[in-house]
Amino acid sequence: MTMMKKLLTSAVASALMAGGAQAAISNDTVKIGYLADMSGTYRDLAGPNGLKALEMAVADFGGQVNGAKIEVVSADDRNSPDTSSSTVRRWVENDDVDLVSGMVASSVSIAVSKILEEHDRLGIISGSAASSITNEHCTPNHIHYVYDTYPLANGTASAVVKEGGKTWYMLTADYAFGHSLESDVRRVVEASGGEVIGAVRHPFPTQDFSSFVLQAQASGADVVGLANAGADTTNAITTASEFGVTQSGQTLAALLLFLTDVHALGAETAQGIQLTTGWYWDMNDETREWSDRFMEETGVRPTMVHAGIYSSAMQYLKAVEATGSDDAQTVRKQMMDTPINDMFAKNGKIRVDGRMVHDMFLAEVKTPAESTGEWDLYKILRTIPAQESYRPLSESKCKLVNK
């Protein structure tokens, strides 16, 4: 072999080795960390059953990808950015976690996303609502999957204003999610010809909503808008029922209401409430089939967050399989290049800002007479197309869009 051939052969071999090293799955393990509120206000909408949805995805994938074992670890974030930050920092620095999944409180997701960007690991946020997560707080290392406050406002607030709810009074959870939802509701209400005449911010979490509901009643607003979630929302609705808010002629608008919330309230209390959701278990044969399996595992029907955790995990694992890599940017690009077509979404797409855009749905809680079973709670009023649901990139403040 001539010297030139030797040099060429050596260069090709080195390139192949470098390419293989770059594409390889580190430590021959794909490790996923599930982070969520496992015991507090947001337990039911994600919590332990979100972990079960993730484990279902791993099992359906066969427990391995390209011969590498899939491992799941989990932690209770206690709705604390500080607790979550220390957990995720330990995961990525000491435990080689490749993906952080779940995440509910928006303050937690914003804090965690900074650590993921610092360490170039990937996160998929399924439970948080603040639209700022893929706007001013966007990073190249996280994806926002299920919903956010922008379509919640577009769907519910616009529908209520069209039905005559011109003046609004907001009860808002005093942290990033509540602020974001209130801001988006103001935008939609004013654009629709209405007005937000007042607002009060309550601590997170809150047990006693009496003083806040009394202020809303005294405002004389047509609509009392609830910019909160989980137990805060159910507590507020229960208090409003006790104080006769709807009986006195005001409309109650729950801007973020989950299936588990409605189930806890019961159709008698929640009937007639309109809400926007990203998914419902009883929409078609595909959603029902997966939901039946989920219920066998958990004893309850899934929320949109549970379904989104499963879908996003499958999308992630398919990207790892296709690329042969667990490198964050390699996998994220593959996920962006691959439309999402499963039981959760049809023709879903992950944009450059990390927002997964898909159709949303305006729903109404059935009356007890309309409901045929314990979990037969929603009727879907209309589909809100993906292009109408989410903030257009032309309005984005995301640094990835500007580039």
Side-chain angles (χ1 to χ4, degrees), residues 15 17-36 54 57-58 65-66 68-75 77 81-103 106-128 130 132-145 309 312-338 349-356 396-403:
M17 288 175 67
Q22 186 177 16
I25 295 174
S26 59
N27 302 316
D28 205 30
T29 302
V30 175
K31 187 174 285 191
I32 303 172
Y34 177 76
L35 184 70
L54 174 59
V58 172
V65 53
N66 293 351
K69 177 185 175 184
I70 304 169
E71 184 179 338
V72 175
V73 296
S74 65
D77 67 18
D82 290 340
T83 299
S84 302
S85 295
S86 61
T87 297
V88 172
R89 192 172 294 279
R90 184 185 73 250
W91 277 353
V92 298
E93 291 181 353
N94 301 332
D95 301 335
D96 296 316
V97 165
D98 300 297
L99 170 73
V100 178
S101 175
M103 289 180 278
S106 296
S107 54
V108 165
S109 296
I110 291 167
V112 166
S113 66
K114 294 175 183 177
I115 296 170
L116 296 174
E117 183 176 25
E118 178 186 341
H119 291 271
D120 196 25
R121 302 297 172 90
L122 194 61
I124 304 179
I125 299 163
S126 295
S128 300
S132 62
I133 288 170
T134 50
N135 197 31
E136 58 263 39
H137 295 298
C138 78
T139 77
N141 291 83
H142 72 269
I143 293 164
H144 201 178
Y145 205 84
I309 289 168
S312 63
M314 292 294 284
Q315 190 75 358
Y316 170 78
L317 292 171
K318 288 175 183 176
V320 173
E321 182 179 55
T323 60
S325 173
D326 57 3
D327 171 72
Q329 298 309 315
T330 301
V331 173
R332 187 180 190 270
K333 183 180 185 305
Q334 179 66 24
M335 292 179 72
M336 289 175 60
D337 290 344
T338 308
K349 179 71 175 177
I350 298 170
R351 301 189 311 198
V352 65
D353 60 349
R355 176 67 258 172
M356 198 282 266
S396 178
K397 298 177 183 177
C398 173
K399 60 188 178 183
L400 305 175
V401 175
N402 294 336
K403 288 181 180 178

Inset, instruction - Find out whether Val30 and Tyr316 are in side-chain contact, i.e. whether some heavy atom of one side chain is under 4.5 Å from a heavy atom of the other. - result: yes
Inset, instruction - Starting from the C-alpha separation in whole Å, work towards a yes-or-no answer on side-chain contact (heavy atoms from CB on, under 4.5 Å) for Ile70 and Ile32. - result: CA-CA 8 Å; Ile70 304 169; Ile32 303 172; 4.2 Å; yes
Inset, instruction - Report the distance from atom SG of Cys138 to atom CD1 of Ile143, rounding to the nearest 0.5 Å. - result: 12.5 Å
Inset, instruction - Please examine the side chains of Asp28 and Lys69, heavy atoms only from C-beta on, and report whether any two atoms are closer than 4.5 Å. - result: no
Name the atoms and distances for all side-chain donor-acceptor pairs under 3.5 Å in residues 91-101, with sequence neighbours left out.
residue : atom : partner : partner atom : Å
Glu93   : OE2  : His119  : NE2          : 3.3
Asp96   : OD2  : Asn27   : ND2          : 3.3
Asp98   : OD2  : Lys31   : N            : 2.9

Legend entry - NZ (Lys114) with more than 12 external heavy atoms under 6.0 Å: no
Inset, instruction - Flag the pair Leu116 / Thr139 as yes when at least one side-chain heavy-atom distance between them is below 4.5 Å, and no otherwise. - result: no
Inset, instruction - Take Val352 and Met336 through the test side-chain contact (heavy atoms from CB on, under 4.5 Å) and record every step on the way to the result. - result: CA-CA 8 Å; Val352 65; Met336 289 175 60; 4.2 Å; yes
Legend entry - Distance in Å, Arg121 CZ paired with Ser113 OG, rounded so as to fall on 0.5 Å steps: 15.5 Å
Legend entry - Qualifying residues under salt bridge (Lys or Arg N to Asp or Glu O under 4.0 Å), relative to Asp353, sequence neighbours excluded: Arg351
Inset, instruction - Determine the minimum heavy-atom distance between Ile25 and Val65, stating which atoms define it. - result: CD1-O, 3.8 Å
Legend entry - Which atom of Ser312 lies closest to which atom of Ile124, heavy atoms considered: CB-CG2, 3.5 Å
Legend entry - Shortest non-hydrogen contact between Ser106 and Ala130, atoms and distance: OG-N, 3.1 Å
Legend entry - Side chain proximity check, Arg332 to Leu122, heavy atoms < 4.5 angstrom: yes
Legend entry - Pairwise distance NE2(His137) to CD(Glu117) - rounded to 0.5 angstrom: 12.5 Å
Inset, instruction - Would you sort out whether Glu118 and Arg89 count as a side-chain contact (heavy atoms from CB on, under 4.5 Å), showing the intermediate values? - result: CA-CA 10 Å; Glu118 178 186 341; Arg89 192 172 294 279; 3.4 Å; yes
Legend entry - Distance-minimising heavy-atom pair for Ile125 and Met103: CG1-CE, 3.6 Å
Inset, instruction - For the residue pair Ser128 and Val108, establish whether any side-chain heavy-atom pair is separated by less than 4.5 Å. - result: no
Inset, instruction - State, with a plain yes or no, whether a side-chain heavy atom of Ser84 is found less than 4.5 Å away from one of Leu35. - result: yes
Legend entry - Any Pro140 side-chain heavy atom under 4.5 Å of Leu400 side chain: yes
Legend entry - Closest heavy-atom pair and its distance - Ser325, Val331: O-CG2, 3.3 Å
Inset, instruction - Can you measure from CG (Asp82) to OG1 (Thr87) and round to the nearest 0.5 angstrom? - result: 10.5 Å
Inset, instruction - Please name the residue in the list Gln334, Met335, Lys333, Lys318 that meets the side chain to side chain contact (heavy atoms under 4.5 Å, CB included) test with Thr323. - result: Gln334
Legend entry - Cationic N near anionic O, under 4.0 Å, Glu136 to Lys399: no
Inset, instruction - To the nearest 0.5 Å, tell me how far Lys349 NZ sits from Arg355 CZ. - result: 14.5 Å
Legend entry - Heavy-atom closest contact (Tyr145 atom, Gln315 atom, distance): OH-CB, 4.1 Å
